[in-house]
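Throughout, a chain's letter reflects where its sequence line sits, starting with A, and its residues are numbered from 1.
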Number of protein chains: 2
Amino acid sequence: MALAKFTPDGILDACAEEVLANGGDVRIADIASRLGAPTGSIYHRFGSRQELLVRLWLRSVGRFHVDYLAAGDQDDPERALLAMAECVVAFSRDHQLDAVAMTLYRHSRLVLTAPESCREDVENINVGIHDRLAVLAERRYEHTTERHRFLVRLAAAESPYGLVRPYLWNSVPASLPEVVVASSRAILALGD
Amino acid sequence: MALAKFTPDGILDACAEEVLANGGDVRIADIASRLGAPTGSIYHRFGSRQELLVRLWLRSVGRFHVDYLAAGDQDDPERALLAMAECVVAFSRDHQLDAVAMTLYRHSRLVLTAPESCREDVENINVGIHDRLAVLAERRYEHTTERHRFLVRLAAAESPYGLVRPYLWNSVPASLPEVVVASSRAILALGD
DNA sequence: GGCATACTAGAATATTGATTCTAGAACCTG
DNA sequence: CAGGTTCTAGAATCAATATTCTAGTATGCC
């Protein structure tokens, strides 16, 4: 087995840099030249441009989920949810390449358009998170309803993500965590 | 002068439908066939695909701004800002095509990449809003600082937009306005 | 009516960039 | 070391689609 000069992760890294630099319309040739590789080496690892991009998205989302679940791993459900909200901001600040890569697709659309080889991973990527949020909703509220689960999703995920999103391509303001927590707390309070 | 069978607005409409249906990668041929027009008629109105898409974005953002400014046109600054926040949701619910078209670009990037013929419009499109928010920040807070302006922008624009964004492609939940107001109110309160 | 203009029509062309192919080098196994 | 496998290399091919071109048609104006 020859030594691998261009690994899948290395290629994904270059791809991420390209996405940050030039937006979603990444060219294979650009990734290759950024890496000093021939285009053939990229196709040796990934079946198509589509697949490469989806793999990048999956890797970034997966990395985020590690931090996200860790942040929410504490007893008090309110604290856990607010920590998760803050984690969205912290991750975005500390992992810009991944954060930007995550903007490449929306999950709900990707489920329909991902290449066959990634379909299953795309379909499953959110289940752990979804379950965890459901559990936290149960613990945070008595007589948990659909509305409570909705509020939890907004407070712990959609609101914080919406708040950092505009800053992903530059730098995240230092006071954003504070804002995110205030917003999420207020949203959770609507369920009381 | 021959009667215009395919007007610029009609073409933009078809383009918007295409964006909603198939995401940002719109093909000229698809717009044309949706319209029952030859591709030539599209190029008769727009210099390039790029320009067409940017014009669509500009039209949608402009339409939104009309509603947005109207919503904020009231004396009490807190009320005005919260009304603007709600307006983001209402507009997204009532004008799905425009709301989705607005996701085609980020302003800060478009400023750099827009075709020459649109550059100026892109550069200017936000100035009215920017000024208005600055004025409202002055009125809402005593001794207004940069931080206050930051909070105002988050409360009236970025937070509500971030909260509806995930729902743009389907339907906007009925309880979202309530959530948006709670969030924005909490954010504004951070400046007191 | 006859000319000029604005538009429709859609085929022909050009371009861009993804993908494939062939060759060769590096390494591992037995 | 011979054979097999994995990988690099980069040129050649292919496909998709944006754009251009030429012709034809309707309309308004003088």
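Contact check of residues 109-119 of chain A against DNA chain D (heavy atom, cut-off under 4.0 Å) returns no residues at all.
Atom CG of A:Leu35 and atom C1' of D:dG10 are 15 Å apart (whole Å). In this structure, the NE2 atom of B:His44 is 8 Å from the P atom of C:dA6, given to the nearest Å. Separating the CZ atom of B:Phe6 from the C1' atom of C:dA6 is a distance of 14 Å, rounded to the nearest angstrom. As rounded to whole Å, 20 Å separates atom P of C:dA6 from atom CD1 of B:Ile42.
Across every non-hydrogen atom of B:Gln96 and B:Leu168, the tightest pair is NE2-O, 2.9 Å.
Side-chain N or O atoms of A:Arg63 include none that pairs as donor or acceptor with a backbone N or O of A:His95 at under 3.5 Å. When atom types are taken as modelled, the side chain of B:His148 and the backbone of B:Gly191 share a donor-acceptor pair closer than 3.5 angstrom.
We find that A:Arg45 and A:Asp9 are not joined by a salt bridge, their nearest charged nitrogen and carboxylate oxygen being 4.0 Å or further apart. Salt-bridge annotation for B:Asp121 and B:Arg59: absent, with no side-chain N of the basic residue lying under 4.0 Å from a carboxylate O of the acidic one. Of the charged side-chain nitrogens involved, at least one lies within less than 4.0 Å of a carboxylate oxygen, so that A:Arg147 and B:Glu178 count as a salt-bridged pair.
Between A:Ser41 and D:dC7 there is no side-chain N or O to OP1 or OP2 distance below 4.0 Å. Taking side-chain N and O atoms only, B:Lys5 has no distance below 4.0 Å to OP1 or OP2 of C:dA6. Side-chain nitrogen and oxygen atoms of A:Arg45 include at least one within less than 4.0 Å of the OP1 or OP2 phosphate oxygen of D:dC7.
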Polar atoms only, N or O, under 3.5 Å: list the protein pairs with nucleotides 15-19 of chain D and their distances.
| residue | atom | partner | partner atom | Å |
| --- | --- | --- | --- | --- |
| D:dT17 | OP1 | B:Arg27 | NE | 3.2 |
| D:dA18 | OP2 | B:Ile28 | N | 2.5 |
| D:dT19 | OP2 | B:Tyr43 | OH | 2.5 |
| D:dT19 | OP2 | B:Arg49 | N | 2.8 |
| D:dT19 | O5' | B:Tyr43 | OH | 3.3 |

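How far OG of B:Ser175 is from CZ of A:Phe150: 4.0 Å, rounded to the nearest 0.5 Å.
Side chains of B:Ser159 and B:Ser184: a donor-acceptor N/O pair is absent below 3.5 angstrom, by distance only.
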